[in-house]
Amino acid sequence: MKIIETHLSFGGKQHICQHQSQTLGCKMNFAAFIPSKAKTDACPVLYFLSGLTCTEQNFTTKAGFQKYAEQHSLIIITPDTSPRGEAIPDSPDDDLGQGAGFYLNANQEPWAKNFKMYDYITQELRTLVNTHFHTNCQQSICGHSMGGLGAIVLALRNPDLYSSVSAFSPILTPSFVPWGQKAFRTYLGKEQNTWAEFDPVQLILAGKKVDEILIEQGLSDPFYPEQLKPESFAEVCEKMNVKVRINYRDGYDHSYYFIASFIEAHIAYHSEKLR
């Protein structure tokens, strides 16, 4: 791993890092905010998973989280959203291919070799971060849109790995909405038993649980309610006795203006859970 970019921010350091991923078969970038306290003390980690078309840069440059991460002494890790490079399969559609990894493990060609974002986040990247930075190996996870879907799936499938989970405008019922159906058919094929492994509703119906799920949803989001379906998700959570808190925000949309408005509260939420 090498650091290819560094900026001092609120006393901490915002790095852009690069490494050769064995899981994805390509070079990968990720952003790492390291609070000043990490010079002397091991700090917990919050992973943020970004949405469709994003890279590691979107959340890093637009969300304004560094001030709050420094205040709470949190390491913030933001991976890219898919494998990258000329040798990596791609699609002309924005919601498939590079920039649209959906945080799953693909099993269909030509995607199966490289599109293993689930394994990359839960195994390779986690090991890399804990090896190269002063972490205490405690971690939580958050995400936006496609990344919100990924964060909830990873937390539900690995409850011992993540102390808490939250999301902004997540895709909550991917098996039943256009974005999710298109991605699942492309990456996972027609077998819907495989889809269920990466669908929050299906995981909860199968008995997967976390202590709580925190969600922010803007009511002026153009993808709500057709693509995101928070009400359907809340009904399933109530049925299966999974605690979910959904904050419906009047007038807010799907953009980083929305994330920047409420990221302070989410960082404080995760900081409390991690301690």
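Positions are given from 1 along the sequence.
- Side-chain contact of Arg126 with Thr122: a donor-acceptor pair under 3.5 Å is absent, judged by distance alone.
- Listed for the Asn136 side chain is a donor-acceptor partner under 3.5 Å among the backbone atoms of Gln138.
- Checked by atom type and distance alone, the side chain of Asp41 never pairs as donor or acceptor with a backbone atom of Ala38 at under 3.5 Å.
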Go through the steps for Tyr256 and Cys54 under the test side chain to side chain contact (heavy atoms under 4.5 Å, CB included), then give the verdict. CA-CA 11 Å; Tyr256 272 86; Cys54 290; 4.0 Å; yes
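- Remark: the backbone N or O of Ile171 is not paired with any side-chain donor or acceptor of Gln227 at under 3.5 angstrom.
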Does the pair Cys142 and Leu46 meet the rule for a side chain to side chain contact (heavy atoms under 4.5 Å, CB included), with working shown? CA-CA 7 Å; Cys142 181; Leu46 175 62; 4.2 Å; yes
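- The backbone N or O of Leu24 sits less than 3.5 Å from a side-chain atom of Ser21, completing a donor-acceptor pair.
- Between the side chain of Gln217 and the backbone N or O of Tyr248, no donor-acceptor pair lies under 3.5 Å.
- Across every non-hydrogen atom of Ser82 and Gly99, the tightest pair is OG-N, 2.7 Å.
- Ring centroids of Trp179 and Phe223 are separated by less than 6.0 Å, placing the two rings close together.
- The distance from the CD1 atom of Ile215 to the OG atom of Ser166 is 9.0 Å, given to the nearest 0.5 Å.
- In this structure, Thr81 and Met146 have side chains that are in contact, with non-hydrogen atoms separated by less than 4.5 Å.
- Side-chain contact between Gln57 and Glu5: present, with at least one pair of heavy atoms (C-beta onward) separated by less than 4.5 Å.
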Step-by-step side chain to side chain contact (heavy atoms under 4.5 Å, CB included) determination, Tyr224 to His254: CA-CA 9 Å; Tyr224 163 78; His254 200 76; over 6 Å; no
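- With sequence neighbours excluded, no residue satisfies side chain to side chain donor-acceptor pair (under 3.5 Å) with Ser232.
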side-chain hydrogen bond (donor to acceptor under 3.5 Å, both in side chains) between His144 and Ser169, intermediate numbers included: CA-CA 6 Å; His144 171 230; Ser169 312; 4.6 Å; no
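- Among the candidates Trp195, Phe115, Phe198, the single residue satisfying the ring-ring contact (aromatic ring centres under 6.0 Å, His included) test with Tyr187 is Phe115.
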Please evaluate residues Gln66 and His7 with respect to the criterion side-chain hydrogen bond (donor to acceptor under 3.5 Å, both in side chains), reporting the C-alpha separation (whole Å), side-chain torsions for both, the decisive distance (0.1 Å), and the verdict. CA-CA 11 Å; Gln66 287 88 351; His7 305 279; over 6 Å; no
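- The minimum heavy-atom distance linking Pro83 with Asn114 is given by the pair CG-O, 3.6 Å.
- Contact annotation: the side chain of Phe133 never approaches that of Val45 to less than 4.5 Å [non-hydrogen atoms, C-beta and beyond].
- With a 4.5 Å cut-off on side-chain heavy atoms, Tyr103 and Leu149 do not count as touching.
- Phe258 and Ile213 sit in two unconnected hydrophobic clusters of ILVMFWY residues. Membership requires side-chain heavy atoms under 4.5 Å apart, directly or through other members.
- Checked by atom type, the side-chain pair Thr135/Asn130 shows a donor-acceptor distance below 3.5 Å.
- In this structure, Arg249 is positioned above the aromatic face of Phe262, its NZ or CZ under 6.0 Å from the six-membered ring centre and within 45° of the axis.
- When side chains are defined from C-beta on, Phe59 counts as touching Phe48, because their heavy atoms get closer than 4.5 Å.
- Side-chain polar atoms of Thr78 and Glu56 form no donor-acceptor pair below 3.5 angstrom.
- For Arg157, the salt bridge (Lys or Arg N to Asp or Glu O under 4.0 Å) criterion is met by no residue, not counting sequence neighbours.
- Side chains of Pro200 and Thr173 form no contact here, defined as non-hydrogen atoms less than 4.5 Å apart.
- A side-chain donor-acceptor contact under 3.5 Å links Lys116 to the backbone of Ala106.
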Using side chain to side chain contact (heavy atoms under 4.5 Å, CB included), reason through Ile263 and Phe168 one step at a time and then give a plain yes or no. CA-CA 9 Å; Ile263 193 63; Phe168 293 82; 4.0 Å; yes
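- Side-chain atoms of Asp199 come within 3.5 Å of backbone atoms of Ser175 as a donor-acceptor pair (strictly under, hydrogens ignored).
- Expressed to the nearest 0.5 Å, how far CD of Glu197 lies from CG of Asn107 amounts to 8.5 Å.
- Here OG of Ser9 is found 11.5 Å from NE2 of His15. Values are rounded to the nearest 0.5 Å.
- No hydrogens or angles considered: nothing links the side chains of Asn247 and Tyr252 as a donor-acceptor pair under 3.5 Å.
- Linking ILVMFWY side-chain heavy atoms closer than 4.5 Å, directly or via other members, places Leu274 and Phe65 in a single hydrophobic cluster.
- Cluster annotation: Tyr47 is not connected to Ile259 through the hydrophobic network of ILVMFWY side chains, with a link wherever side-chain heavy atoms come within less than 4.5 Å.
- The cluster map of Ile, Leu, Val, Met, Phe, Trp and Tyr, joined by side-chain heavy atoms under 4.5 Å apart, puts Tyr162 and Leu203 in the same cluster.
- Without hydrogens or angle criteria, Ser271 side chain to Ile267 main chain gives no donor-acceptor distance under 3.5 Å.
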Between Asp119 and Asn105, is the side-chain hydrogen bond (donor to acceptor under 3.5 Å, both in side chains) condition met? List the steps. CA-CA 7 Å; Asp119 285 350; Asn105 287 337; 3.0 Å; yes
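- Side-chain contact between Gln18 and Phe30 is absent, with no heavy atoms from C-beta onward closer than 4.5 Å.
- Side-chain contact between Glu212 and Arg245 is present, with heavy atoms from C-beta onward closer than 4.5 Å.
- The neighbour count for Asp250 CG, taken as heavy atoms of other residues, nucleotides or ligands under 6.0 Å away, does not exceed 12.
- Other residues, nucleotides and ligands contribute only 12 or fewer heavy atoms inside 6.0 Å of the CD atom of Glu272.
- When the side chains of ILVMFWY residues are joined at heavy-atom separations under 4.5 Å, either directly or via intervening members, Ile76 and Phe10 end up in two distinct hydrophobic clusters.
- The line from OG of Ser164 to NE2 of His266 is 11.0 Å long, rounded to the nearest 0.5 Å.
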Hey, mind stepping through Thr53 and Asp94 against side-chain hydrogen bond (donor to acceptor under 3.5 Å, both in side chains) and telling me if it holds? CA-CA 6 Å; Thr53 75; Asp94 286 342; over 6 Å; no
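- Counting non-hydrogen atoms of other residues, nucleotides and ligands closer than 6.0 Å to NZ of Lys182 gives a total above 12.
- Residue Gln20 holds its CD atom at 7.0 Å from SG of Cys26, rounded to the nearest 0.5 Å.
- A salt bridge is absent between Lys273 and Asp211: the closest approach of a Lys/Arg side-chain nitrogen to an acidic carboxylate oxygen does not fall below 4.0 angstrom.
- Within the model, atoms NE2 of His134 and CD1 of Ile34 stand 11.0 Å from one another, a figure rounded to the nearest 0.5 Å.
- Gln98 contributes a side-chain N or O that, together with a main-chain N or O of Gly85, makes up a donor-acceptor pair within less than 3.5 Å.
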